[in-house]
Protein chains: 2
Amino acid sequence: MPVKPGPKRSLSEEAIVGAALKLLGERGGDAVSMRSIAGEVGVAPNAIYTYFPDKAAVLRAVVDRLVGEQSLDVFADRTVPWRRRIQEVALGLRARLLDHPGATRLLLGAPMDGPKALEFGERLLDVLAEAGLSEEDAARASYTLIVYLLGSIALEAAELDPAKPAPPEEERVAERRKGFEAVPAQAFPRTAASADVMAAYISTDQFLWGLERLVDGLVRG
Amino acid sequence: MPVKPGPKRSLSEEAIVGAALKLLGERGGDAVSMRSIAGEVGVAPNAIYTYFPDKAAVLRAVVDRLVGEQSLDVFADRTVPWRRRIQEVALGLRARLLDHPGATRLLLGAPMDGPKALEFGERLLDVLAEAGLSEEDAARASYTLIVYLLGSIALEAAELDPAKPAPPEEERVAERRKGFEAVPAQAFPRTAASADVMAAYISTDQFLWGLERLVDGLVRG
DNA sequence: CCCTGAGTCTGTACGCTGTACAGAGATCGA
DNA sequence: TCGATCTCTGTACAGCGTACAGACTCAGGG
């Protein structure tokens, strides 16, 4: 392998992703531009193209980093019932991603295919195998779980201002209730009658409710 | 109510949404700009701001239109078992949205809160009540179903080129399998072993599989 | 040791974006 | 007919992603 000549790199992929993540957290999703990232690491905008082919690649790396921040040790801890382990990891990932409302938009734009996401999938398959699912069922179930996870988080994040940190859950629910109070009860009787429940869609409680039913359905099969 | 004076409007919200939808289908998501929409309806770019406060509002209306294109008559047809009715509507919506890969990105950026989406929710609540769920459970279940629906569609669409119409399902699965063949089997044995199943995540078959398990979990409760 | 060539970074530039602002023209009620 | 009011246009701004050309920095071969 010939060593490549040229000056030492002044940056690293990690530094770039870190800068992007910092901007994401502090100034929101719209503030993450090639120029702002470059400014953050003290470099001309185009320098980033030495490390990533385009902006989408940077964002994919950001998402993978966020996913990677979620520890997967819980998955392997056999002293805890496997359902609870899935719950914990799901809750952790959800919290982590909702902390960066801007990031969630990215999540579904480019699917989780980074190394950290692969690792996540593999560990999830471990747990599902442990739960007694066949190889094929485990694979299908893992995808279904990821769909639910990302879908929930995305729908929750959609209600958030991507430019600001997420307000506490109670506030978010209260805010949402106001929206449902405006629904005309004649045209949409059921929706209006369940407005309280619907306002609480955006809550940990509902998230776990759905997750539990889904897991039930998956292992019952 | 005083009638507002001024010249007759030369456009309508519908015309604008229609133009956006046309662009979306023909030239992909990135081609939908205020300028291109305005060009399509033969008007200066800013004229659109008379009808919509900003671009996001246009896109929300586009999504609602797509949702509205899915007929909900099936939901009400009591000669068909309710599970099958949910299946059919879900499949219809999925097909409709995957036909516009660019649109799906929008779906989760701004949640379904348009009138057509409300209608959809209400009819879904009807069916779930018919299935024997309590008011609260039906509300929660409907949200969980929507999460699954949108999550599935989003993850499928994420693999598609938003600038082109979707290729047939077989091609998409084959394309994906190539990606999984590159997964190192030592580090990710389960992932590698299930590569075939995973490639088929992006398929009607898997979509229905997950939907069925989810519905099972929801009504079992 | 210097030279060559590859790799990294900068400056500049292009075409595009969303949309704010000012004003022209059309149309109504009075 | 007048004035108010609304719709649409022209222009403009700041920002975007990124292509291109070139300057600089270095490692290895002669």
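In what follows, every chain begins at residue 1, and chains take the letters A, B, ... in the order their sequences are listed.
Rounded to a whole Å, the CG atom of N46(A) is 12 Å from the C1' atom of dG22(D). Rounded to a whole Å, the CZ atom of R9(A) is 11 Å from the C1' atom of dC9(C). In this structure, the CD1 atom of I16(A) is 12 Å from the C1' atom of dT8(C), given to the nearest Å. Counting to the nearest Å, the P atom of dT9(D) and the OH atom of Y49(B) are 14 Å from each other. Remark: P of dT7(D) and CD of E13(B) are 10 Å apart, rounded to the nearest angstrom. As rounded to whole Å, 12 Å separates atom P of dT17(C) from atom CD1 of I48(B). Atom pair R27(B):CZ and dC16(C):P shows a separation of 11 Å (rounding to whole Å applied).
Counting non-hydrogen atoms under 4.0 angstrom, F52(A) reaches nothing in the nucleic acid.
A heavy atom lying under 4.0 Å from DNA chain C marks the following residues of residues 32-45 of chain A, by number: R35(A), V43(A), A44(A).
The salt bridge (charged side-chain N to carboxylate O under 4.0 Å, His left out) analysis of residues 32-55 of chain B, with sequence neighbours excluded, yields the pairs K22(B)-E40(B). Residue pairs meeting the salt bridge (charged side-chain N to carboxylate O under 4.0 Å, His left out) criterion with at least one member in residues 116-127 of chain A, sequence neighbours excluded: E119(A)-R123(A), R123(A)-D126(A), D126(A)-R190(B).
Checking Y143(B) against S194(A) by side-chain atom types alone, no donor-acceptor pair falls below 3.5 Å.
The closest donor-acceptor contact from the side chain of E169(A) to the backbone of T204(A) lies under 3.5 Å. Using a distance-only test at 3.5 Å, with no hydrogens or angles considered, a donor-acceptor pair links the side chain of Y201(B) to the main chain of A139(A).
Between S10(B) and the phosphate of dC8(D), there is a side-chain N or O to OP1/OP2 separation shorter than 4.0 Å. Remark: Y51(B) is in phosphate contact with dC8(D), judged by side-chain N or O atoms under 4.0 Å from OP1 or OP2.
A salt bridge links E156(A) with R172(A): at least one charged nitrogen is closer than 4.0 Å to a carboxylate oxygen.
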